[in-house]
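None of these values were measured; they are calculated from a predicted model. Whatever order the structure lists ligands and atoms in, that order sets their numbers, starting from 1.
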Amino acid sequence: MTHDEFVASIRERYVDLFDPDNTEGDWAYLITVGPGWWPLVEEYCAESQTLLREHGETGKWFIRQIKEKFGELRIYIRPVAEPLNVDWYSETLRDIDPPQPTPVAELLSDLRGQITEQANRTCEECGDPGGLHVVDGWYRTCCDKHFQEWQERKGLK
Ligand SMILES: [Zn+2]
């Protein structure tokens with residue numbers, strides 16, 4: 001499966017999790033992680049979709065980006081913007097007393113924690129057991145074999 005095919009399959013199967021206003025340009029950079037992490041992305045999408053359905057919040061949260069940063073899997077999911085016609089009273093209350101995280105926000109955060117924790121131990125290239133490697137300020141979570149290849153490619157060995 002190519003990266004484009006993977007993104008297309010996620011887009012097709014988890015329609016509820018993505019902003020329908022995303023352009024093709026948005027989609028080109030929405031999911032940019034290597035194949036070793038694709039099963040984790042898939043698992044995250046499946047479980048967050050179920051979670052949102054169970055809590056009646058389907059369509060209220062959108063995944064904005066899934067990428068690698070400093071060797072870690074980063075998943076950005078955000079509530080859909082609140083309607084603009086909030087009345088004055090609740091607006092004022094919010095200023096005084098910022099909203100507490102909702103149960104769904106906490107569950108999504110726990111789920112993301114579980115998935116990214118697994119990614120920390122999974123090679124982003126091939127999905128084998130791995131760990132974080134840092135070379136010359138470059139970060140990569142990979143298995144021993146891909147660490148070797150990476151160093152060779154960079155001319156470090
Ligand atoms: Zn590997």
Side-chain angles (χ1 to χ4, degrees), residues 1-81 99-157:
M1 191 189 284
T2 66
H3 186 263
D4 286 348
E5 286 166 350
F6 171 68
V7 173
S9 79
I10 290 286
R11 195 174 164 176
E12 190 183 307
R13 277 174 304 145
Y14 304 103
V15 172
D16 300 342
L17 293 176
F18 298 95
D19 191 339
D21 291 336
N22 283 337
T23 63
E24 292 308 309
D26 293 330
W27 273 106
Y29 297 101
L30 218 148
I31 303 173
T32 54
V33 299
W37 285 354
W38 292 352
L40 294 171
V41 170
E42 170 94 50
E43 191 181 334
Y44 178 81
C45 289
E47 292 194 18
S48 57
Q49 186 177 62
T50 303
L51 194 157
L52 291 173
R53 281 186 181 159
E54 280 171 356
H55 288 82
E57 295 208 9
T58 296
K60 295 189 177 175
W61 295 78
F62 289 143
I63 295 173
R64 295 299 180 185
Q65 203 177 25
I66 298 179
K67 65 174 186 180
E68 174 275 335
K69 192 174 183 185
F70 298 126
E72 293 177 353
L73 174 61
R74 300 284 173 94
I75 299 171
Y76 301 92
I77 187 166
R78 301 261 185 272
V80 173
Q100 295 293 311
T102 64
V104 168
E106 284 180 2
L107 289 166
L108 284 172
S109 168
D110 289 350
L111 172 62
R112 179 171 53 194
Q114 287 163 28
I115 297 288
T116 55
E117 210 269 313
Q118 284 184 62
N120 289 342
R121 292 179 277 111
T122 305
C123 176
E124 189 186 347
E125 282 295 314
C126 68
D128 280 353
L132 180 65
H133 295 277
V134 184
V135 178
D136 285 349
W138 291 86
Y139 293 72
R140 212 170 150 77
T141 295
C142 54
C143 66
D144 291 342
K145 181 180 134 224
H146 283 109
F147 182 49
Q148 290 286 105
E149 281 189 20
W150 182 44
Q151 286 177 301
E152 282 160 19
R153 230 181 13 249
K154 287 173 66 72
L156 295 167
K157 262 196 154 177

Ionic contact status for R64 with D26, cut-off 4.0 Å = no
State the count of protein N/O/S atoms located less than 2.8 Å away from the Zn ion (ligand 1).
-> 4
So, R11 and E24, do they make that salt bridge, N to O below 4.0 Å?
-> yes
Do the rings of Y139 and F70 sit parallel, tilted or perpendicular, given the 30° and 60° boundaries?
-> perpendicular
Any ion pair linking K145 and E125 (charged N to carboxylate O, less than 4.0 Å)?
-> no
Parallel under 30°, tilted from 30 to 60°, perpendicular over 60°: which one fits the rings of W38 and H3?
-> tilted
Any side-chain donor paired with an acceptor under 3.5 Å for T116 and R112?
-> no
